[in-house]
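So the structure is just underneath, and the comments pick up after that.
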Protein chains: 2
Amino acid sequence: MTPPRDAYHHGDLRNALVASAVRLIEAGGPSAFSLREAAREVGVSANAAYRHFDDKSALITAVAADGFARLAERMRRAMASASAHRGGEPASIARFKAAGGAYVGFAVDHPEIFRAMFGECGAECRSATPENEETETSWTLLGQALDALVADGFLRPERRVGAELKVWTVVHGFASLSLDGLTAAPTQRERKAALEALLDFTVVGLCGDLPTAG
Amino acid sequence: MTPPRDAYHHGDLRNALVASAVRLIEAGGPSAFSLREAAREVGVSANAAYRHFDDKSALITAVAADGFARLAERMRRAMASASAHRGGEPASIARFKAAGGAYVGFAVDHPEIFRAMFGECGAECRSATPENEETETSWTLLGQALDALVADGFLRPERRVGAELKVWTVVHGFASLSLDGLTAAPTQRERKAALEALLDFTVVGLCGDLPTAG
DNA sequence: GCCTAATGTTGACACTGTGAACTTCCGCTG
DNA sequence: CAGCGGAAGTTCACAGTGTCAACATTAGGC
């Protein structure tokens with residue numbers, strides 16, 4: 001992938017460093033990652049990194065940003081493919097569940113990256129600055145899914161407000177617990193079942209009503 | 001608090017180190033905490049800590065364990081006081097909401113400790129070993145609150161199974177997002193409103209049904 | 001009252017993030 | 001095409017860190 005470096009100038013150090021950092025973090029978590037090691041892996045002196053990043057944490061921030069972009073992409077894909085072959089479910093609900101599933105799926109597949117994204121260094125990526133398109137995207141995708149629920153008549157419009165936060169809460173909570181393991185490492189099968197139940201629960205919470213209590 | 005150390009032996013180094021670590025972590029997060037600094041603060045050589053902890057991470061684990069104990073205590077208190085003066089709400093629902101509120105409250109009041117509890121070093125505290133009474137407790141308290149919902153007829157028994165995970169997911173998710181700030185630092189007032197809405201949403205999700213879809 | 005084991009101490013090592021000063025080389029201007 | 005300015009990398013240096021090994025001190029049981 002990286003050709004043996006002969007030239008004095010690397011050519012694409014920034015991206016190479018980010019890629020190396022992703023590998024290292026993916027392997028051992030954000031704590032088991034050092035600037036020097038990343039530089040070593042790329043074949044460059046430790047301080048070269050400072051031409052491209054203010055900080056060690058700036059590099060991690062870049063990793064987080066990359067993670068957010070990949071997360072959004074994954075959600076996009078999942079939603080699109082859910083529209084295609086859903087299993088008898090209304091399209092809007094299928095898409096909604098697909099979005100949630102993709103979020104959790106990303107977290108489970110890339111736990112350490114996910115941690116980095118929501119650690120202190122990822123903070124800048126998460127603030128909804130107008131420029132931060134990528135970050136905004138997963139939030140936006142969720143919004144689209146919810147709008148579709150309204151359009152299909154499942155979610156009453158007056159309940160639409162604040163729905164993103166609720167869904168995000170559920171999905172993010174499940175992802176966090178899956179990683180940080182309140183439940184001791186369930187099988188993928190069990191997790192899938194739990195997630196399905198959770199998404200149903202979410203739909204009821206959003207769209208449903210309490211039975212006449214008495 | 002700690003009397004000026006004159007004796008060669010500290011007397012209660014273990015606890016002193018944990019307390020110091022709690023302060024340091026609370027001040028600057030788990031990353032801005034060093035074994036040496038904690039030892040310095042206690043007035044003891046760096047390596048003295050190794051008589052009480054295998055590792056730096058073992059110390060953090062102790063901090064996490066302490067956090068879990070305090071969290072459970074806070075939930076216990078909140079639930080008890082909710083039984084006393086609830087505002088026209090059924091007791092079981094009031095207690096349930098109090099438990100959730102206490103969880104989030106702890107996370108918001110002690111963000112860095114909370115992070116430590118759910119970071120890699122806190123992992124041992126979270127596994128439900130039979131001995132790990134304290135850890136189990138907040139889960140157990142949640143279970144009690146759910147049982148009360150069943151007893152009061154709000155939650156149908158066949159929906160009881162798996163309810164802990166759902167509630168935990170919501171509450172933990174909201175706590176995480178509140179700390180890690182998807183939403184840019186809302187006021188305490190806003191957060192309280194959001195939490196209230198979220199708990200209502202949770203009750204509906206657990207106990208409610210979809211309106212006859214058509 | 002001594003011996004042992006628990007508790008603390010000192011010294012050392014490899015490693016980290018980062019600043020300062022120096023070198024190499026790409027790309028532009030004359 | 002010469003040469004130069006600045007971007008991109010390098011080396012040296014420093015303060016801190018976690019941790020190991022060897023040593024010192026002391027509390028408590030025989």
Side-chain angles (χ1 to χ4, degrees), chain A residues 2-25 27-64 112 116 119-124, chain B residues 2-25 27-64 112 116 119-124:
Chain A
T2 22
R5 200 171 80 86
D6 45 346
Y8 185 91
H9 287 84
H10 179 284
D12 194 19
L13 223 199
R14 199 199 137 94
N15 288 339
L17 282 174
V18 172
S20 177
V22 167
R23 273 198 305 278
L24 290 173
I25 290 180
S31 67
F33 150 75
S34 78
L35 248 189
R36 287 174 118 107
E37 173 99 13
R40 228 173 285 139
E41 215 180 86
V42 174
V44 102
S45 95
N47 285 14
Y50 284 85
R51 294 289 150 188
H52 302 272
F53 302 97
D54 283 353
D55 246 354
K56 173 188 188 178
S57 71
L59 213 189
I60 301 184
T61 300
V63 170
E112 306 299 349
E120 41 189 342
C121 296
E124 307 167 34
Chain B
T2 22
R5 198 169 81 85
D6 45 347
Y8 187 90
H9 287 84
H10 179 283
D12 194 18
L13 222 200
R14 199 200 139 94
N15 288 339
L17 281 175
V18 172
S20 178
V22 167
R23 272 197 307 278
L24 290 174
I25 290 180
S31 67
F33 151 75
S34 77
L35 246 188
R36 286 174 117 109
E37 173 100 12
R40 228 174 285 138
E41 216 180 84
V42 174
V44 101
S45 96
N47 285 7
Y50 283 86
R51 296 291 151 187
H52 302 271
F53 302 96
D54 282 352
D55 246 359
K56 174 188 188 177
S57 71
L59 213 189
I60 301 184
T61 299
V63 169
E112 305 300 350
E120 39 189 345
C121 297
E124 308 168 32

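In what follows, every heavy atom counts, from backbone to side chain, and hydrogens, waters and symmetry copies are set aside. Here is how names work: the chains are called A, B, and so on, in the same order as the sequence lines, proteins then strands, and each is numbered from 1.
Nearest to the side-chain atoms of B:S45 among the listed nucleotides C:dT10, C:dG19, D:dG9 stands C:dT10.
The structure places OG of A:S20 at 10.0 Å from CZ of A:R40, a figure rounded to the nearest 0.5 Å. Distance OG/B:S45 to CZ/B:R36: 9.5 Å, rounded to 0.5 Å. Put simply, CG on B:N15 and NE2 on B:H52 are 9.5 Å apart, with the number rounded to the nearest 0.5 Å. Atom CD1 of A:I25 and atom CG of A:L59 lie 8.0 Å apart (nearest 0.5 Å).
The residue among A:S57 and B:A46 whose nearest nucleotide of DNA chain C lies closer to the 5′ end is B:A46.
Proximity of A:F33 to A:E112: side-chain heavy atoms (C-beta onward) are nowhere separated by under 4.5 Å. Using a 4.5 Å heavy-atom cutoff, the side chains of B:L13 and B:F53 are not in contact. Residues A:E41 and A:R23 are in side-chain contact: their nearest non-hydrogen atoms beyond the backbone lie under 4.5 Å apart.
A:D55 and A:S57 form a side-chain donor-acceptor contact under 3.5 Å, judged by distance and modelled atom types alone.
Distance CG (B:L17) to P (C:dT7): 13 Å, rounded to an integer number of Å. Atom CG in B:L13 sits roughly 18 Å away from atom P in D:dT25 (whole-Å rounding). In this structure, CG of A:D12 is placed 11 Å from P of D:dA8, rounded to the nearest angstrom. To the nearest angstrom, C1' of D:dT11 lies 13 Å from CZ of A:R51. When rounded to the nearest whole Å, the span between CZ of A:F53 and P of C:dT18 equals 13 Å.
Side chain of A:T61 to main chain of A:C121: a donor-acceptor pair is present (N/O by atom type, distance under 3.5 Å, no hydrogens or angles).
Between C:dA6 and B:H52, no contact under 4.0 Å exists linking OP1 or OP2 to a side-chain N or O.
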Check nucleotides 15-17 of chain C for protein N or O atoms closer than 3.5 Å to its own N or O atoms and list the pairs.
{"from": "C:dT16", "atom 1": "OP1", "to": "A:S34", "atom 2": "OG", "distance (Å)": "3.2"}
{"from": "C:dT16", "atom 1": "OP2", "to": "A:R40", "atom 2": "NH2", "distance (Å)": "2.8"}
{"from": "C:dG17", "atom 1": "OP1", "to": "A:L35", "atom 2": "N", "distance (Å)": "2.8"}
{"from": "C:dG17", "atom 1": "OP1", "to": "A:K56", "atom 2": "NZ", "distance (Å)": "3.3"}
{"from": "C:dG17", "atom 1": "OP2", "to": "A:L35", "atom 2": "N", "distance (Å)": "3.2"}
{"from": "C:dG17", "atom 1": "OP2", "to": "A:R36", "atom 2": "N", "distance (Å)": "3.2"}
{"from": "C:dG17", "atom 1": "N7", "to": "A:R36", "atom 2": "NH1", "distance (Å)": "2.2"}
{"from": "C:dG17", "atom 1": "O6", "to": "A:R36", "atom 2": "NH1", "distance (Å)": "2.9"}

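Axis orientation changes by 10° from one end of the helix from C:dG1-D:dC30 to C:dG30-D:dC1 to the other, with each end axis drawn from 5 pairs and the value rounded to 10°.
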